[in-house]
Structures are given as structure tokens and as C-alpha cells.
Asks: 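Can you read through this structure? Questions will come right after.
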Protein chains: 2
Amino acid sequence: MTGLRERKKQRTREALIRAAIELFIERGYEQTTVDEIAAAVDVSQRTFFRYFATKEDVAFALHDMIEQRFFAAVREQPPGVPPSQAMRIAIESTWNGIGASIEDTVPVRVYMRMWQTIEQTPALVAVLLRRSIDSSERLAAEIARREGVDLETDPRPRVVVAAYTGVMQAAARHWGTNAEVTVDAARERTMAYLDQLGPSLSEDWGTGRKD
Amino acid sequence: MTGLRERKKQRTREALIRAAIELFIERGYEQTTVDEIAAAVDVSQRTFFRYFATKEDVAFALHDMIEQRFFAAVREQPPGVPPSQAMRIAIESTWNGIGASIEDTVPVRVYMRMWQTIEQTPALVAVLLRRSIDSSERLAAEIARREGVDLETDPRPRVVVAAYTGVMQAAARHWGTNAEVTVDAARERTMAYLDQLGPSLSEDWGTGRKD
DNA sequence: AAGCTAATGTCAGCAGCTGACAAATGACAA
DNA sequence: TTGTCATTTGTCAGCTGCTGACATTAGCTT
């Protein structure tokens with residue numbers, strides 16, 4: 001189907017991802033040199049940087065694949081489903097299909113461990129959040145399209161998206177710092193947090209306030 | 001009052017901040033080398049790194065001062081004020097007192113321009129967001145304390161904070177990319193976004209949806 | 001004035017990343 | 001099959017952010 005050249009490139013790319021993630025998990029992101037990753041795949045350092053613009057990029061390769069699925073899930077929601085619900089459903093379905101997204105490259109357990117490595121590495125957390133801005137913008141555009149409102153004049157698309165991604169990030173942070181997380185646990189935690197969004201904004205939390 | 005040594009250090013520090021920010025605004029963050037900043041203050045590069053651990057840190061020096069004020073404003077809110085309202089008030093009051101926070105070091109207009117530089121520099125955006133995680137955590141702790149709930153078992157403190165900071169970041173992003181922003185405009189934009197939080201989460205946006 | 005300590009300078013070196021050019025390796029046609 | 005062409009890879013040299021080690025300077029103390 002595709003030429004030998006294409007396939008070879010694809011293989012090199014996946015090999016770099018696997019080698020990098022293995023090393024990152026094993027000895028930490030900052031403790032791993034690009035030279036080491038390149039050496040593990042028997043490729044020059046310069047070649048690594050031709051596949052990935054930065055060392056960070058290879059750390060997010062799996063994440064990128066999964067995110068693609070999420071967007072597809074949002075687009076699949078029939079019109080009429082309100083924004084917050086569409087996002088909720090897409091989030092849940094992405095969690096459920098996470099295996100299908102990456103299993104060709106790496107088992108899911110490896111992804112979960114890489115995720116923890118990300119959460120525990122400040123430099124990677126920074127990059128993660130930066131990337132989520134771009135995603136948020138794209139997502140807001142999709143919501144605006146669905147609802148037939150103008151993204152430039154109506155703040156609501158960006159606001160819902162901001163609130164949701166903010167809450168999701170908080171959830172991810174929470175389970176990302178615990179030991180040995182399963183997909184199920186992560187999904188549950190995420191959904192639980194989302195369910196709290198409405199109640200948390202209400203005036204009265206209805207608990208014994210100490211004043 | 002304080003020794004000559006102390007004062008000299010303080011002066012060096014402020015000189016570095018001023019020089020750095022001037023250069024960042026003028027020719028961009030990435031286009032400015034640490035050597036240039038150090039040279040502008042007539043100090044060795046090594047000395048720069050003794051004042052600021054990273055080049056990024058000096059870019060956020062002003063931001064840090066203002067954030068301190070924000071936390072003070074939150075703590076000043078009397079008990080009984082619900083979390084979302086306390087945050088709202090503190091945000092507004094921080095905007096109003098922004099001059100008092102930094103005017104000793106740099107005029108407010110310079111801060112606004114530096115802010116735009118940050119927003120337009122992906123690497124700095126990343127750092128900004130990473131820092132906001134730490135702030136969020138501290139803020140959630142403060143909210144939990146005010147409301148007398150347990151931060152570890154009750155997700156609501158982190159969820160409100162996440163929603164609020166998510167929305168604020170979206171607002172900042174919006175005005176941070178426009179040309180020549182005033183404090184007033186920025187504050188208005190921020191508050192407008194926050195006001196949309198509730199409505200945006202409601203099921204029906206009540207607009208002509210095209211389906 | 002002498003001695004102590006904190007701040008600064010100098011230098012050497014590592015890691016991430018890039019440009020330039022040469023070498024190797026698939027693709028494709030004669 | 002071979003020769004040409006385009007793409008990919010390797011090599012090398014160099015810049016920038018950042019750090020450790022050690023020498024030097026400058027403020028503080030008695």
C-alpha cells in the first residue's frame with residue numbers, strides 16, 4: 001500500500017516513541033537525554049530532532065493520538081445535545097476507547113504510567129497546559145458551530161470549555177499523583193469531578209461552615 | 001534601616017527585572033539572551049542566575065507581586081461570603097489595586113505590555129499555566145478552610161477554583177492578544193467572563209441553534 | 001586595620017536545539 | 001539493471017540556557 005520509505009519512517013517514529021517513553025518512565029524525563037533515546041533506536045541525535053521538534057513532543061505523542069479521538073467523539077454528538085452534555089459524553093467515550101487509540105504503539109498501562117510521569121514533571125505539566133489551550137480553542141470553535149453562535153462575540157463557548165477543561169485538569173492532577181492508576185479509576189474520578197461543577201458554583205454549599 | 005549590602009542587592013534585582021522586561025517587550029522573549037540582560041545591568045551572566053533560577057522567572061517577577069495581593073484580598077473576605085463570590089470580589093479588588101502592587105518597580109503600562117508579551121510567547125504561556133496550578137492549590141486550601149470542609153475528601157474547593165481560574169485564563173488570553181490594553185479594559189473583560197460562568201453551564205443557551 | 005562572610009566574577013562543561021553540507025538510501029525511468 | 005533524482009540520515013560546528021568549582025571582591029564586625 002505505502003512505499004518502503006513511508007513504512008520505515010513510521011517504524012522509526014514508533015521506535016523513538018517507545019524508547020523515549022520507556023526511558024522517561026524508568027529514570028524520569030529530565031534524567032533522560034535525547035542522545036540516549038537516539039542511541040536506543042540506533043539513530044543520530046539530529047534524526048531524533050527531525051521527527052520531534054522538541055524532547056517534549058515525544059512525551060506527548062500518545063496524548064496526541066487520544067486527543068484526536070476525543071474531538072471525533074464531540075463531532076459525533078447529534079445536534080440538540082447541549083454543550084456541557086456533549087462534552088461530558090465525549091469525555092466518557094474517550095476514556096472507554098482509550099485502548100483502541102494507542103494499543104498499536106504501546107499497551108494502555110504504559111500510557112497511564114507515562115501520564116503519571118508527566119504529572120510529576122513540572123516542565124511537562126507546563127507543556128501539557130499550554131497544549132490544552134490550543135485544544136480549548138478548537139473545542140470552543142466546535143461548540144460555537146454546533147450552537148450556531150458567533151465565537152468572537154459570544155463568550156459562552158470559551159467559558160464552558162474553560163470551566164470544563166479546568167475541572168478536568170484538576171481531576172487529572174489528582175489521580176495523576178497517586179500510585180498505580182487504572183483507566184477505570186481515572187475515568188471515574190474525572191466524571192465525579194465534572195458532576196460537582198454545578199453544585200460547586202451554587203451560593204450555599206450547605207455544610208457546617210465554621211465562622 | 002537595612003545595610004548597604006541589602007540595598008545593593010535589592011537594586012540589582014530591580015535593575016535586572018527592569019532591563020529584562022524592557023528587552024522582552026522590545027525585541028521578544030526568545031530573542032533576548034540572558035547575556036544581554038546581564039550586560040545591560042553590567043553584571044555577569046552567572047550573577048543573573050543567582051537572582052533568578054531561570055530566564056522565565058524574571059519574566060514573572062511582576063506577576064508574582066500582584067498575585068500576592070490577590071491572596072491577601074481573598075483572606076480579607078469575611079466568613080459567610082460564599083466561595084465563588086469571595087473569589088469574584090478578590091479578583092476585582094486586585095485589578096483595582098494593581099498600581100499599588102508594582103508601581104515602585106515599573107509603571108502599570110509596562111506591566112500590561114509585558115503581559116501581552118507573555119501571552120504571545122508559547123513558552124511563557126506554558127510557565128504561566130504551570131504556576132497557576134500552584135496558586136490554584138493554595139487557593140483551594142484557603143476556600144476549604146473558609147468553608148470548613150476537608151480538602152482531601154470534598155472535591156468542591158478544587159472544582160470551583162478550577163472553574164474560576166479556567167475562565168479567568170480564557171479571559172486573559174482574549175485581551176492579552178489584542179493591541180494596547182488598559183487595566184480598565186482588562187478588568188471589565190475578566191468580570192464579564194466570570195458573569196457568564198453560570199449561564200454557560202445551563203442546559204439551554206436559548207439561541208437559534210442550526211440543526 | 002584585620003579578618004570574616006556574603007556577593008560576584010571567571011571558567012569549564014553539559015544538554016537541548018539548529019544550520020549547513022556530505023553521505024546513504026529508497027523511488028522511478030530508461 | 002542501471003543511472004538519475006529526491007528524500008532521509010549522519011556529521012560537525014555552534015548558539016543558548018544553566019550549573020559546579022574556585023578565585024576575587026566588597027561589605028560588615030571587632
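In what follows, chains carry the letters A, B, and so on, assigned in the order in which the sequence lines appear, proteins first and then strands, with residues in each chain numbered from 1.
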Asks: Rounded to the nearest angstrom, tell me the gap between atom NZ in Lys55(A) and atom C1' in dC18(D).
Replies: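 Between C1' of dC18(D) and NZ of Lys55(A): 14 Å.
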Asks: For atom CZ of Arg13(B), decide whether the heavy atoms of other residues, nucleotides or ligands shown that lie under 6.0 angstrom number more than 12.
Replies: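 Counting other residues, nucleotides and ligands, CZ of Arg13(B) stays at 12 neighbours or fewer.
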Asks: Mind calculating the distance between CZ (Arg11(B)) and C1' (dA26(D)) to the nearest angstrom?
Replies: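 These atoms are roughly 14 Å apart.
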Asks: Return the value, rounded to whole Å, for the distance between atom OH of Tyr29(A) and atom P of dA15(C).
Replies: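 In whole Å, dA15(C) P and Tyr29(A) OH are 14 Å from each other.
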Asks: Tell me which pairs pass salt bridge (charged side-chain N to carboxylate O under 4.0 Å, His left out) where either residue lies in residues 56-77 of chain A, with sequence neighbours left out.
Replies: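 Sorted pair list: Asp57(A)-Arg131(A), Asp64(A)-Arg131(A), Glu67(A)-Arg138(A).
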Asks: State whether Tyr51(A) places a side-chain N or O below 4.0 Å from either non-bridging phosphate oxygen (OP1 or OP2) of dT8(D).
Replies: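 It does not, given that no N or O in the side chain of Tyr51(A) lies less than 4.0 Å from OP1 or OP2 of dT8(D).
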Asks: Is it the case that over 12 heavy atoms from other parts of the model lie below 6.0 angstrom from the CG atom of Asp42(B)?
Replies: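 Open.
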Asks: Short question: side chain of Lys9(A), backbone of Tyr51(A) - any donor-acceptor pair under 3.5 Å?
Replies: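 Flag not set: sc Lys9(A) to bb Tyr51(A) has no pair under 3.5 Å.
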Asks: Rounded at 0.5 Å granularity, tell me how far CZ in Arg173(B) sits from CG in Leu129(B).
Replies: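 It comes to 7.0 Å.
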Asks: Is there side-chain contact between Ile118(A) and Phe24(A), with at least one heavy-atom pair below 4.5 Å?
Replies: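 The answer is no; the side chains never approach within 4.5 Å.
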Asks: To the nearest Å, how far apart are Phe52(B) CZ and dT19(D) C1'?
Replies: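 Roughly 18 Å, once rounded to whole Å.
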Asks: What integer distance in Å separates Glu30(B):CD from dC15(D):P?
Replies: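 Value for this atom pair: 19 Å.
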Asks: Please report the distance, rounded to the nearest Å, between CG in Leu23(A) and P in dA15(C).
Replies: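 Rounded to the whole Å, the gap is 14 Å.
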Asks: So that I can tick it off, tell me whether Glu14(A) and Arg11(A) are bridged by a salt bridge, with the cut-off set at under 4.0 angstrom between side-chain N and carboxylate O.
Replies: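 Salt bridge flag = no for Glu14(A) with Arg11(A).
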Asks: What is the separation between atom CZ on Phe49(B) and atom P on dG13(C), rounded to the nearest whole Å?
Replies: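 Rounding to the nearest Å, CZ of Phe49(B) and P of dG13(C) are 19 Å apart.
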Asks: Considering only nitrogen or oxygen atoms on both sides, find all protein atoms under 3.5 Å from nucleotides 27-29 of chain D and state each distance.
Replies:
from, atom 1, to, atom 2, distance (Å)
dG27(D), OP1, Lys8(B), NZ, 3.0
dG27(D), N3, Arg5(B), NH2, 3.2
dC28(D), OP1, Leu4(B), N, 2.7
dC28(D), OP1, Arg5(B), N, 3.1

Asks: Under 3.5 Å between N/O atoms: give me all the protein pairs with nucleotides 10-14 of chain D, atom names plus distance.
Replies:
from, atom 1, to, atom 2, distance (Å)
dG10(D), OP2, Ser44(A), N, 2.9
dG10(D), OP2, Ser44(A), OG, 2.9
dG10(D), OP2, Thr47(A), OG1, 2.3
dG10(D), N7, Arg50(A), NH2, 2.5
dG10(D), O6, Arg50(A), NH2, 3.2

Asks: Answer yes when Arg27(A) and Glu22(A) have at least one side-chain N-carboxylate O distance shorter than 4.0 Å, and no when they do not.
Replies: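 Salt bridge: no.
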Asks: Tell me: CG of Leu16(A) to C1' of dT8(D), nearest whole Å?
Replies: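 To the nearest whole Å, that distance equals 14 Å.
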Asks: Does the salt bridge (charged side-chain N to carboxylate O under 4.0 Å, His left out) test come out yes or no for Arg158(A) and Glu152(A), once each step is laid out?
Replies: CA-CA 10 Å; Arg158(A) 288 200 176 92; Glu152(A) 298 317 314; 3.7 Å; yes
